[in-house]
Asks: 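Before anything else, here's the structure in question.
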Amino acid sequence: MVARETRAPGTTSASTYSSKPCPICSKPSAERFHPFCSKRCADVDLHRWLSGSYAIPGRPEEEEDGEAQDEG
C-alpha cells in the first residue's frame, strides 16, 4: 500500500518543502526562492553551476583509435 500525502485545497507541493533548509546557507527556505532562502543564495548556486564547481567526474576522453588522451 502506498501512502498518499493529503493537502488542503489550494496548497501547493512547494509548501511541503518549506521546512527544508537552504542548501547554501542552511537558513529556512523561502517558498518564493525554493529551495533557497533568498535570491542571493539562488545566485550563488547558479554561479557554482556556471563556473564548473558542480562537476560530475567521468572517464577520461578517448581518441578515435581507443587510446586515452594524454593530459599534459
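Numbering of residues begins at 1 and proceeds along the displayed sequence. Please read these numbers as outputs of a predicted model, since none were measured by experiment.
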Asks: What pair of heavy atoms forms the shortest contact from Pro28 to Cys37, and how long is it?
Replies: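 Residues Pro28 and Cys37, closest heavy atoms: O-CB, 3.3 Å.
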Asks: So how far is it from Lys39 NZ to Leu46 CG, rounded to the nearest 0.5 Å?
Replies: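 Reported value, rounded in 0.5 Å steps: 8.5 Å.
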Asks: Which value, rounded to the nearest 0.5 Å, describes the distance between Trp49 atom CH2 and His47 atom NE2?
Replies: 14.0 Å
Asks: Are Phe33 and Leu50 linked, directly or through intermediate hydrophobic residues, by side-chain heavy-atom contacts shorter than 4.5 Å (ILVMFWY only)?
Replies: no
Asks: Counting distance only, does the side-chain N/O of Ser29 pair as donor-acceptor with the main-chain N or O of Pro21 below 3.5 Å?
Replies: no
Asks: Tell me, please, which residues at least two apart from Arg48 pass side chain to side chain contact (heavy atoms under 4.5 Å, CB included).
Replies: Ile24, Val44, Ser53, Tyr54
